[in-house]
Amino acid sequence: MFARMKYATLCVRDAARWLRDDRGSVAVEAVIIMPALAAMYCASFVWFDAFRNKTLAMKATYTISDIISRQETIDEPYLDGLHDTMDFLVNSFAEPKMRVTLIRYDEDSTASNKYRVDWSWSTGDKPKLTQANIDSDSTWIPVMGDDETVVVTESFVFYQPVFRVGIDNQIFENVMVTRPRFAPTLVKTDEPTGTGGAGDIDDEGDGSGI
């Protein structure tokens, strides 16, 4: 009897000691917390990286637009060089695409839409901006005076997140509309005659050259 009571007392004492023992709790907490911390770190990295790349794409587009606005004449080799500059400035898994368009406002035009596409250039499989595109939606073009021109620079930068934490693959699209700084228009010297290129610029401003 006494031996059984002593054994029971020892069992209760060992059980109480085991319940008070906190050795290994740090390892258990680490196993629970570390995956959550790793997920939070990855999510923070991806979201920060996405906003950083979006800002880079916007700044690069503004830079290219500013460069173009300072020209009086331009050609496709020069635009190809600007595309290479865009590719250097942005951090993209795929080569960015560009589109540059010269839009003129013609008050004397018989068309219902007075915004006219003089010429357009694009890279890769990105289609050029056509008059039909402008006719379908010209609300994004700023108010312009008669015979005034603007250069529309568009960029399309592909972004692929490193981890899938709420952000999918997407394309950052930016549009910059700038007036030519040092000339009334921007002449694309290698644009074929009849499409609003160098052979169709109205230097007199009276509609005779269109």
Side-chain angles (χ1 to χ4, degrees), residues 50-106 109 113-160 169-192 194-202 210:
F51 279 105
R52 184 180 69 88
N53 280 274
K54 185 175 182 178
T55 302
L56 282 176
M58 181 180 64
K59 290 182 177 180
T61 307
Y62 179 84
T63 300
I64 299 300
S65 176
D66 184 66
I67 293 174
I68 294 176
S69 70
R70 297 173 185 273
Q71 311 304 313
E72 297 183 11
T73 60
I74 204 168
D75 55 19
E76 292 198 2
Y78 188 88
L79 290 169
D80 290 335
L82 291 178
H83 176 248
D84 293 338
T85 303
M86 168 72 73
D87 191 19
F88 173 77
L89 292 175
V90 300
N91 180 24
S92 177
F93 288 92
E95 183 177 349
K97 298 177 183 179
M98 278 179 52
R99 182 165 63 192
V100 180
T101 307
L102 184 73
I103 297 178
R104 173 175 45 86
Y105 187 81
D106 185 6
S109 175
N113 186 8
K114 307 298 182 181
Y115 295 102
R116 316 308 296 168
V117 175
D118 273 10
W119 56 262
S120 184
W121 169 91
S122 61
T123 62
D125 58 352
K126 178 59 64 175
K128 298 180 180 180
L129 194 66
T130 64
Q131 186 61 51
N133 299 138
I134 299 298
D135 290 340
S136 62
D137 180 21
S138 60
T139 57
W140 54 274
I141 305 176
V143 176
M144 299 166 58
D146 189 25
D147 283 333
E148 187 177 3
T149 60
V150 293
V151 180
V152 180
T153 304
E154 301 172 83
S155 69
F156 310 86
V157 180
F158 176 74
Y159 177 74
Q160 179 179 353
N169 296 347
Q170 56 188 290
I171 296 178
F172 297 141
E173 299 185 16
N174 291 281
V175 180
M176 298 292 175
V177 182
T178 312
R179 290 181 174 88
R181 295 175 182 267
F182 307 123
T185 189
L186 179 61
V187 178
K188 190 169 183 292
T189 56
D190 52 3
E191 189 74 12
T195 58
D200 294 322
I201 298 302
D202 181 10
I210 305 299

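Using a 4.5 Å cut-off on side-chain heavy atoms (C-beta onward), M144 and R104 make no contact. A heavy-atom distance below 4.5 Å is found between the side chains of W119 and L186. Side chains of P77 and D190 form a contact here, defined as non-hydrogen atoms less than 4.5 Å apart. A heavy-atom distance below 4.5 Å is not found between the side chains of N174 and Y62. The shortest distance between side-chain heavy atoms of V151 and P180 falls below 4.5 Å. Between F93 and N53, every side-chain heavy-atom pair lies at or beyond the 4.5 Å cut-off.
When all heavy atoms of T178 and S65 are compared, the pair lying nearest together is OG1-OG, 2.6 Å. Taking all atoms of both residues into account, the shortest heavy-atom contact from P96 to V157 is CB-CG2, 4.0 Å. Closest heavy-atom contact between A50 and Y159: N-OH, 3.4 Å. Residues T149 and L102 come closest through the heavy atom pair CB-CD1, 3.9 Å.
In K54, the NZ atom is not crowded: 12 or fewer heavy atoms of neighbouring residues, nucleotides or ligands sit closer than 6.0 Å. Around the CZ atom of F88, the shell of radius 6.0 Å holds no more than 12 heavy atoms that belong to other residues, nucleotides or ligands. No more than 12 heavy-atom neighbours from other residues, nucleotides or ligands sit within 6.0 angstrom of CZ on F51.
Although no hydrogens or angles enter the test, the distance criterion places no donor-acceptor pair under 3.5 Å between the side chain of H83 and the main chain of R99. Panel note: side chain K126, backbone M98; no donor-acceptor pair is recorded below 3.5 Å. In terms of modelled atom types and a separation under 3.5 Å, the side chain of N113 and the main chain of I134 share a donor-acceptor contact.
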* **Pair I74-I68, side chain to side chain contact (heavy atoms under 4.5 Å, CB included): steps then yes or no** => CA-CA 8 Å; I74 204 168; I68 294 176; 4.2 Å; yes
* Candidate pair D125 and K97, rule side chain to side chain contact (heavy atoms under 4.5 Å, CB included), full reasoning -> CA-CA 8 Å; D125 58 352; K97 298 177 183 179; 2.3 Å; yes
* Asked: Going through the checks in order, is the side chain to side chain contact (heavy atoms under 4.5 Å, CB included) test met by W121 and D80?
  -> CA-CA 10 Å; W121 169 91; D80 290 335; 3.4 Å; yes
* Show your reasoning for whether side chain to side chain contact (heavy atoms under 4.5 Å, CB included) applies to T101 and K128. => CA-CA 8 Å; T101 307; K128 298 180 180 180; over 6 Å; no
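Taken from CE in M86 to OG1 in T123, the straight-line distance is 9.0 Å, to the nearest 0.5 Å. A distance of 14.0 Å separates NZ of K114 from CD1 of I141, quoted to the nearest 0.5 Å. In this structure, CG on L56 lies 5.5 Å from CZ on R52, to the nearest 0.5 angstrom. Atom CZ of R179 sits about 13.0 Å away from atom OG1 of T185, to the nearest 0.5 Å. Remark: E76 CD to T189 OG1 distance equals 9.5 Å, nearest 0.5 Å. One finds the CZ atom of F158 at 10.0 Å from the CZ atom of F172 (value rounded to the nearest 0.5 Å).
With sequence neighbours excluded, the residues satisfying ring pair (Phe, Tyr, Trp, His ring centres under 6.0 Å) with Y115 are Y105.
Side-chain polar atoms of S155 and T61 form a donor-acceptor pair below 3.5 angstrom. With no hydrogens or angles considered, a side-chain donor-acceptor pair links N133 and T130 at under 3.5 Å.
Contact check on D66 versus R181 returns a salt bridge, with a Lys/Arg side-chain nitrogen under 4.0 Å from an Asp/Glu carboxylate oxygen.
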